Amino acid sequence: MSKKEWPLWEIFIRSKAGLNHKHVGSLRAADAEMAVENGRDVYTRRSEGISIWAVESKDVYASDPTEADSLFEPSDSKVYRHPTFYDVPDGISHM
Amino acid sequence: MKDINISELERKFQEKIDKDIKIEPKDWMPDDYRQTLIRQISQHAHSEIVGMLPEGNWITRAPNLRRKAVLLAKVQDEAGHGLYLYSSVETLGANREETIDDLHSGKAKYSSIFNYPTVSWADMGAIGWLVDGAAIMNQVPLCRCSYGPYARAMVRVCKEESFHQRQGFEIMAQLAKGTPVQKEMAQDALNRFWWPSLMMFGPNDAESKHTAQSVKWKIKRHTNDELRQMFVDATVPQAELIGLTIPDKDLKFNEETGHYESGAINWDEFWEVVKGNGPCNKDRVDTRRKAKEDGMWVVEAANAYAEKRNRRKSA
Ligand SMILES: [Fe+2]
Ligand SMILES: [Fe+2]
């Protein structure tokens, strides 16, 4: 019905100082300022945030889930990156 | 991708579901799964939005400032719920405005409970207590739904719902211990909203054609009758506690099963309301349609303003 729909925005919220912004969902808004204002009304009605990022959804470049196996394989095969890979002799309690 | 056939993809999909691995927007999914979710989530969204109307009716006439602030906050939450849900339906590739236009054309449904009028202040109590109570029964298992964005929206919704039910119960409890006229008002609201609330869970399992597939896909975790039973078991003692009577002369507690047994639901009434012949169907849809049409200039003005601002920025 509308000639031009408002674009879709992804909303990220920092819930308190010291934590990262985290994706909470999306919304429609005419521009970035409105996306932040709408983000406040939609996603922070109970003090869930102290900072909002709005990113237009079309600007998000995402990895392809069908290629997830090959994309993440290099880290899956390197067990020696985890401390549990190593033997620590008895008698050493903190390392 | 081409050389993997559909049945192999479907097998892998069901395997993920069986292992409780969530499905995310860009993952492969069967078309029926997608369509089922689009229908269910958009109807859920419409229910939240249309559900603002019967309560919005009483905001200006709330009996005091506390009740008014509470009701206003509750109705705002329902708007938020609608928006979380439209946001998740868009992750499935559906167009938000098209789903809304389907509501306005009568093609899409919403919960039939909102086609009943709210004629007294006690109805605000009955709705919060019973309608939000029934919605919570439906929504809590949806927090574990197999589709990630829907499940996450439900977690948020459920956190907010608990105050909705409490504020409604508080209204009922207070009226029930008020003057005889106030108590009568509460009983009358319970009488009118009890059966439509039971109908909110949908047709009996034997009549519900989508249930089996939805359970297999873990979109649904319980059948309609199971959820209805949970609601009755939870609600009857609450009514007793505040001295109100459930309007069901056949209602009785079965000592053996530990469950209440209800009388027969009038399914003819349910189907009439679903078909559009409830007391307020036309009024609700007309109000929503008018809201969109009358608000269209705001959409356009905001677009024009955004364009102007962008031009100034790039100049
Ligand atoms: Fe809601
Ligand atoms: Fe609610």
Side-chain angles (χ1 to χ4, degrees), chain A residues 1-16 19-50 52-72 76, chain B residues 1 4 9 12 16 23-29 73-74 76-91 95-98 100-102 104-105 148-150 152-153 155-157 159-160 163 289 292-293 295-310 313:
Chain A
M1 248 163 62
S2 160
K3 277 160 237 140
K4 186 171 157 263
E5 272 172 34
W6 290 348
L8 192 64
W9 299 80
E10 299 303 321
I11 304 299
F12 299 79
I13 291 183
R14 185 199 296 287
S15 56
K16 60 180 196 187
L19 298 179
N20 337 32
H21 286 78
K22 199 174 150 202
H23 184 246
V24 290
S26 61
L27 51 76
R28 294 270 171 180
D31 60 17
E33 282 87 346
M34 192 197 263
V36 167
E37 281 163 14
N38 290 358
R40 183 213 40 201
D41 292 344
V42 179
Y43 294 110
T44 68
R45 285 190 304 285
R46 285 172 177 76
S47 322
E48 289 97 334
I50 56 158
I52 299 177
W53 286 353
V55 179
E56 216 181 313
S57 308
K58 70 172 170 50
D59 294 330
V60 174
Y61 184 82
S63 63
D64 179 348
T66 62
E67 279 161 15
D69 285 352
S70 56
L71 187 64
F72 298 108
D76 291 342
Chain B
M1 262 287 276
I4 305 176
L9 286 169
K12 283 202 171 136
K16 271 172 84 176
I23 308 302
E24 293 296 340
K26 288 177 60 120
D27 295 343
W28 187 88
M29 61 187 86
K74 182 198 188 273
Q76 279 178 322
D77 273 351
E78 305 303 359
H81 299 174
L83 292 173
Y84 309 151
L85 288 160
Y86 286 127
S87 151
S88 34
V89 89
E90 284 199 284
T91 64
N95 177 284
R96 182 182 304 221
E97 289 307 313
E98 276 172 28
I100 292 170
D101 290 339
D102 283 347
H104 297 175
S105 72
Y150 192 25
R152 293 191 286 274
V155 170
R156 196 172 266 282
V157 164
K159 267 190 211 151
E160 302 183 352
F163 112 70
R289 199 185 297 123
K292 178 161 178 175
E293 283 163 9
M296 203 46 87
W297 70 271
V298 179
V299 175
E300 281 157 17
N303 272 336
Y305 182 63
E307 267 166 41
K308 190 170 117 188
R309 202 147 50 172
N310 275 338
K313 258 181 220 155

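Numbered from 1 within each chain, the chains take letters A, B, ... in sequence-line order. The structure presented is a predicted model; accordingly, all values stated were derived computationally and were not measured. Values below: all heavy atoms of this structure, side chains included; hydrogens, waters and symmetry mates excluded.
Taking chain B as the reference chain and counting heavy-atom pairs below 4.5 Å, the highest number among L27(A), L8(A), D64(A) is found for L8(A). Interface summary for chain A: among T91(B), D77(B), D27(B), the most heavy-atom pairs under 4.5 angstrom belong to D77(B).
Contact annotation for R309(B): only side-chain heavy atoms (C-beta onward) come within less than 4.5 Å of a heavy atom of chain A.
Under the 4.5 Å side-chain criterion, counting only non-hydrogen atoms from C-beta, K4(A) is in contact with E307(B).
Partners of K16(A) by salt bridge (charged side-chain N to carboxylate O under 4.0 Å, His left out), not counting sequence neighbours: none found. E90(B) meets the salt bridge (charged side-chain N to carboxylate O under 4.0 Å, His left out) test with R28(A), R96(B); sequence neighbours excluded. In this view, N20(A) satisfies the side chain to side chain contact (heavy atoms under 4.5 Å, CB included) rule with no residue, not counting sequence neighbours.
When all heavy atoms are compared, the tightest approach of W6(A) to V299(B) is NE1-O, 3.1 Å. In terms of heavy atoms, A306(B) sits closest to A30(A) at CB-O, 3.6 Å. Taking all atoms of both residues into account, the shortest heavy-atom contact from K26(B) to S63(A) is CE-O, 3.6 Å.
Of all residues spanning residues 31-39 of chain A, those with a heavy atom less than 4.5 Å away from chain B's heavy atoms are D31(A), E33(A), M34(A), arranged by number.
Atom-to-atom distance recorded for R45(A):CZ and R156(B):CZ is 8.5 Å, nearest 0.5 angstrom.
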